[in-house]
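For reference, the structure discussed in these notes is given below.
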Amino acid sequence: MSQLKRMLLWATLVAVILLAGLSVCGAFLGAERAQAFFNSLPLVVYWFAAIALLATGIASFRRLLRVPSLLLLHAGCILVLLGAMWGSEPGHALRKRLFGIDKIPEGELDIYEQMQEDRVVVKDANDVRRLPFSVRLNDFRMEYYEPGRLFIWSRDGRDWRMPAKAGQTLALGGELGTVAIRRVFRNFRIDLREDEPVAYDEPGGSNPALEVTVDRPGSAPGKRYVFERRPGHTNPDDPLAMSYFRAVRDYVSELEIVRDGQVVAAKDIEVNHPLHYGGYHFYQQSWNENEFGEYSILMVVSDSGLNAVYGGYVCLVGGVFWHFWGRRTLHWFRTHYTITAKIPGESQ
Amino acid sequence: MEIKYTIQGLLIYITMAAYLPAFVATIARRTRAGRVLFFAGFALAVISFVYRWIHVRHVPLQNLFEVFLFLGVACYPISWFCRRALRIGGQWADMLIGAIVLFPAGFIFNAEPMQLPPALQCWLFAPHVAVYMLSYVFMLKATFQAGEHLLNRRPRVEETVIPPEQATYELIAIGFPLLTLGLVLGSWWGKLAWGHYWGWDPKELWSLASWLVYVGYFHWRHMSGTKHPRINSLWAMMGMLTILVTLLWVNLARIFAGLHSYAT
């Protein structure tokens with residue numbers, strides 16, 4: 001091995017160990033600080049050096065050019081790094097300065113139902129910028145796993161849970177008695193009718209609640225309502241505390257992209273199913289509510305550099321599998337299934 | 001530490017009760033008995049995994065309990081493949097690994113079924129975790145072989161197996177593509193779920209560190225592996241150390257809170 005090749009290999013080894021060490025350090029910083037650290041100037045120098053090292057390696061080692069799998073996996077690493085640089089915030093800033101391409105790297109778009117919005121709050125910039133099109137939210141909804149669960153705690157630290165279904169009972173034992181779920185409300189309302197409070201389910205809104213009775217030995221059954229979104233009030237003498245919980249199965253925003261008054265794209269976005277349009281991905285990030293009602297919070301992310309990164313992934317995975325698995329498998333088949341031709345006249 | 005008085009717990013304990021005698025029988029050179037017990041343990045581990053699947057109604061790879069259950073299943077087929085296709089010895093270690101990985105599932109981790117949060121409802125969920133776990137079993141086997149190499153021990157039972165240092169390389173060469181695929185699938189899924197293919201999350205950084213240690217292993221072995229073969233084995237052991245941190249410490253320690261916390 002020539003001196004240059006040996007030096008390149010040592011440099012690669014040092015670069016790999018350095019990045020592994022920095023990754024471990026970054027893990028202790030937390031995601032936000034780690035991101036800032038890996039985008040800082042010394043690390044930008046490192047990324048450029050890593051690309052240069054990979055490219056020099058490909059040019060210098062004939063084996064890397066001769067063995068397609070090795071070439072593929074090393075080229076894949078270069079593509080991933082280039083794509084990541086192209087899609088980074090400094091990459092966006094550089095493109096704006098050099099080519100005048102002005103894209104929002106990442107931001108947040110808050111939108112009420114039946115409203116249209118094109119203003120994006122840019123991440124980490126205290127700046128509001130406009131998209132070249134509008135986003136309309138037709139409907140936002142949350143879907144839950146059914147049934148929910150009723151959690152019960154006693155004052156002496158014991159706890160129970162039961163499915164939140166009408167007709168379910170749970171014997172807590174001893175003087176705590178039995179808990180029974182009588183009714184499940186999607187939108188709980190209560191009115192006075194003939195001086196009696198009457199609870200009922202009103203269609204349309206959302207105020208999930210349970211009607212629960214507690215039957216203690218030696219006393220009349222007590223009725224109470226347990227709400228999902230409100231803690232309710234607990235009597236200091238009450239030996240039991242309760243809480244109603246439903247796990248969210250999905251958040252869904254029905255979106256339309258409007259450009260020049262025309263709907264040009266539409267999708268019901270949910271977690272793992274973003275909408276892609278005009279160089280941006282729209283993600284269901286969160287939701288909130290205020291005096292004007294519920295609103296959906298969308299994350300807007302530029303897709304710059306993504307194709308290069310994905311292309312790099314394909315090269316990397318393809319190269320690694322071909323090199324370590326494919327070549328071995330071929331070799332195994334060749335050694336185990338060699339075809340032997342019969343020579344005419346040879347004795348049986 | 002708690003004993004699980006459930007059918008799930010019972011299945012785990014019986015599986016362990018098959019893997020451990022399999023290990024003892026193999027060490028005592030009762031190879032055939034060891035293999036029969038190992039296979040019986042595998043069959044029980046499959047039943048245990050399927051039982052869990054039916055119970056939670058999704059692929060049981062959501063939390064550490066389910067992941068370790070899966071590891072208990074993966075030991076046997078990987079061991080069989082390595083013995084038959086790669087001529088790698090150390091089946092006693094596979095049996096021991098089977099019992100070791102089932103211990104936390106049986107006695108430490110909470111088995112309470114959990115509903116899948118929205119982010120985990122993706123077709124990439126099962127392949128991402130399964131591919132990683134399979135690679136971890138290969139790397140763990142490689143670590144045992146590296147240990148045998150460092151201790152200068154010769155294969156106990158089989159005479160036809162390849163030397164430990166070569167076996168370490170073969171195992172890492174099989175496991176590394178899976179490790180790479182796991183990393184890439186995770187990145188792709190991260191883009192779909194969270195908007196970024198790389199979020200600088202502690203789990204992501206530790207998994208990158210473990211991938212890089214194996215990258216370093218290959219480069220070192222190519223460069224100076226024949227001159228210093230013992231250092232090759234040290235690299236392999238270092239890789240396993242980072243994998244253990246990625247799998248366990250990152251999920252259990254509060255200092256590494258991040259997007260992957262639901263795996264706890």
Side-chain angles (χ1 to χ4, degrees), chain A residues 1 6 9-10 12-13 16-17 19-39 73 80 83-84 87 106 143 145 247-251 270-274 281 283-285 299-301 306 309-310 313-314 316-317 319-325 328 332, chain B residues 85-86 114-125 170 172-181 183-185 187-189 191-213 215-216 219-220 222-224 242 245-246 250 255-259:
Chain A
M1 197 182 289
R6 185 157 281 276
L9 271 172
W10 271 111
T12 305
L13 209 56
V16 165
I17 293 170
L19 185 56
L22 291 173
S23 299
V24 170
C25 294
F28 285 91
L29 296 176
E32 270 186 37
R33 286 169 66 199
Q35 184 174 6
F37 171 65
F38 281 97
N39 281 293
L73 71 91
V80 170
E106 188 184 335
E143 294 171 355
Y145 284 104
V248 176
R249 198 179 61 202
D250 211 351
Y251 305 90
E270 46 196 301
V271 181
N272 287 313
H273 299 279
H281 279 102
Y283 294 88
Q284 180 63 58
Q285 187 182 35
M299 182 165 68
V300 184
V301 184
L306 194 61
V309 171
Y310 282 177
Y313 283 167
V314 171
L316 177 62
V317 171
V320 167
F321 270 93
W322 179 244
H323 191 73
F324 290 112
W325 284 31
R328 268 154 219 275
W332 190 86
Chain B
L86 304 174
M114 289 190 285
Q115 284 148 332
L116 282 182
L120 295 192
Q121 294 166 36
C122 180
W123 70 270
L124 286 162
F125 162 52
E170 294 290 335
I172 292 176
I174 297 291
F176 183 71
L178 295 171
L179 202 66
T180 310
L181 184 62
L183 194 65
V184 166
L185 287 179
S187 173
W188 184 14
W189 183 14
K191 179 67 189 162
L192 288 179
W194 301 320
H196 302 103
Y197 52 81
W198 195 255
W200 306 103
D201 184 74
K203 184 100 173 172
E204 292 172 1
L205 286 167
W206 272 106
S207 54
L208 176 67
S210 37
W211 186 79
L212 286 167
V213 170
V215 169
H219 283 85
W220 167 262
H222 175 72
M223 199 168 72
S224 308
T242 53
V245 173
T246 311
V250 173
I255 48 168
F256 293 122
L259 290 165

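Throughout, protein chains are lettered first and strands after them, A, B, ... in sequence-line order, and every chain is numbered starting at 1.
With a 4.5 Å cut-off on side-chain heavy atoms, A/L306 and B/K191 count as touching. In this structure, B/L178 and A/W325 have side chains that are in contact, with non-hydrogen atoms separated by less than 4.5 Å. Using a 4.5 Å heavy-atom cutoff, the side chains of B/L116 and A/Y145 are in contact. A/F324 has its side chain within reach of B/F176: a pair of non-hydrogen atoms, C-beta onward, lies under 4.5 Å apart.
Rounding to the nearest 0.5 angstrom, the gap separating the CE atom in A/M299 from the CH2 atom in B/W194 is 11.0 Å. Once rounded to the nearest 0.5 Å, the distance linking CG of B/L185 with OH of A/Y313 reads 10.5 Å. Here A/F321 contributes atom CZ and B/T180 contributes atom OG1; the two are 7.0 Å apart, rounded to the nearest 0.5 Å.
In the displayed structure, A/E32 atom CD is contacted under 6.0 Å by at most 12 heavy atoms of other residues, nucleotides or ligands.
Only the side chain of B/S224 has a heavy atom closer than 4.5 Å to any heavy atom of chain A. With a 4.5 Å cut-off on non-hydrogen atoms, A/I17 touches chain B through its side chain but not through its backbone. The contact between A/E106 and chain B is made entirely by side chain atoms (from C-beta outward), counting heavy-atom distances below 4.5 Å. If you measure heavy-atom distances from B/W123 to chain A, you find no contacts under 4.5 Å at all. Interface residue A/R328: only side-chain heavy atoms are found under 4.5 Å from chain B. Contact of A/W10 with chain B is made through backbone and side chain together, with heavy-atom distances under 4.5 Å.
When each of A/L22, A/V16, A/V80, A/V300 is scored by its heavy-atom pairs under 4.5 Å with chain B, the top score falls to A/V16. Each of A/F37, A/Y251, A/Y283 has some count of heavy-atom pairs under 4.5 Å with chain B, and the biggest count is that of A/Y283. Chain B forms more heavy-atom pairs under 4.5 Å with one residue of A/C25, A/P274, A/S23, A/A20 than with any other, namely A/S23. Comparing B/I174, B/T242, B/L183, B/L208 by heavy-atom pairs within less than 4.5 Å of chain A, the highest count is held by B/I174. Per-residue counts of heavy-atom pairs under 4.5 Å with chain A were compared for B/Q121, B/H219, B/H196, B/E170; the largest is that of B/Q121.
B/P177 approaches A/V320 most closely through the heavy-atom pair CA-CG1, 3.3 Å. Closest approach of A/A34 to B/L205, counting heavy atoms only: CB-CD1, 3.9 Å. Contact record, B/C122 with A/N272: CB-ND2, 3.4 Å, taken as the closest heavy-atom pair.
If you look at B/W200 and A/F38, their ring centroids are closer than 6.0 Å.
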